[in-house]
Amino acid sequence: MSHLTIAIAATKTLTFVFGATITYLSWTAYRRTGAAELRSLALGFAIVTAGSILGGGVDLVGDLLPLSPSQPVILYGVLVQSALTMLGFGFITYSLYRE
């Protein structure tokens, strides 16, 4: 395993740990207050965190998936992560504008 692969795995792991912590704290705040804004915030952070993990997973097992041979596997991982990050940030933005 190369140093770059180890660095990517370490940053993905830390992203998961921090994202899961923020999601948990947001969800706990929602359960305590019942504020729908905090529920949307927790959902947004959960989606962003899941996108990071799923994107990394596609990078790692992409060679086993039936993907288009004309595109590098890493592009599929980037697409998954980017799409879920966009969706998660949409929920976070919604939570901040919700009254």
Side-chain angles (χ1 to χ4, degrees):
M1 200 180 308
S2 74
H3 295 294
L4 185 58
T5 304
I6 293 169
I8 290 170
T11 57
K12 293 287 185 184
T13 301
L14 289 174
T15 298
F16 173 74
V17 169
F18 292 135
T21 301
I22 292 170
T23 301
Y24 171 76
L25 293 172
S26 300
W27 185 256
T28 303
Y30 159 68
R31 300 280 291 163
R32 187 175 55 246
T33 65
E37 299 87 359
L38 291 173
R39 182 184 60 218
S40 296
L41 184 67
L43 181 59
F45 278 115
I47 292 170
V48 170
T49 303
S52 176
I53 297 305
L54 290 174
V58 169
D59 290 342
L60 290 176
V61 299
D63 293 332
L64 304 175
L65 300 173
L67 302 173
S68 171
S70 65
Q71 298 294 327
V73 172
I74 193 166
L75 293 180
Y76 290 99
V78 170
L79 176 63
V80 167
Q81 183 173 353
S82 297
L84 289 175
T85 298
M86 176 197 62
L87 182 64
F89 282 152
F91 274 96
I92 292 169
T93 302
Y94 173 76
S95 76
L96 294 172
Y97 280 104
R98 188 177 169 127
E99 292 185 23

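Here, residue 1 is the first one in the sequence, and each next residue gets the next number. Please read these numbers as outputs of a predicted model, since none were measured by experiment.
Criterion: ILVMFWY side-chain heavy atoms under 4.5 Å apart, direct or through other members. Under it, I53 and Y76 are not part of a common hydrophobic cluster. When the side chains of ILVMFWY residues are joined at heavy-atom separations under 4.5 Å, either directly or via intervening members, F91 and L38 end up in two distinct hydrophobic clusters. The hydrophobic cluster containing I22 also contains Y30, counting ILVMFWY residues as joined when their side-chain heavy atoms lie under 4.5 angstrom apart, directly or transitively. If you chain together hydrophobic residues whose side chains sit under 4.5 Å apart, L84 and L79 never meet in one group. In the hydrophobic cluster analysis, where Ile, Leu, Val, Met, Phe, Trp and Tyr join through side-chain heavy atoms closer than 4.5 angstrom, Y94 is grouped apart from M86.
Contact of the L54 side chain with the V58 side chain is not registered, since no non-hydrogen atoms from C-beta on lie closer than 4.5 Å. L41 is listed as a side-chain neighbour of I92, based on a closest heavy-atom distance under 4.5 Å.
Taking all atoms of both residues into account, the shortest heavy-atom contact from S26 to F45 is OG-CD1, 4.3 Å. Nearest heavy-atom pair, G19 versus T49, reported as atom, atom and distance to 0.1 Å: CA-OG1, 3.1 Å. Across all non-hydrogen atoms, the minimal contact from S95 to E37 is CB-O, 3.2 Å.
One distance of note links CG of L96 with CZ of F89; it measures 11.5 Å at 0.5 Å rounding.
Annotation: R98, atom CZ; neighbour count of heavy atoms from other residues, nucleotides and ligands within 6.0 Å is above 12.
With ring centers used as reference points, W27 lies 6.0 Å or more from Y24.
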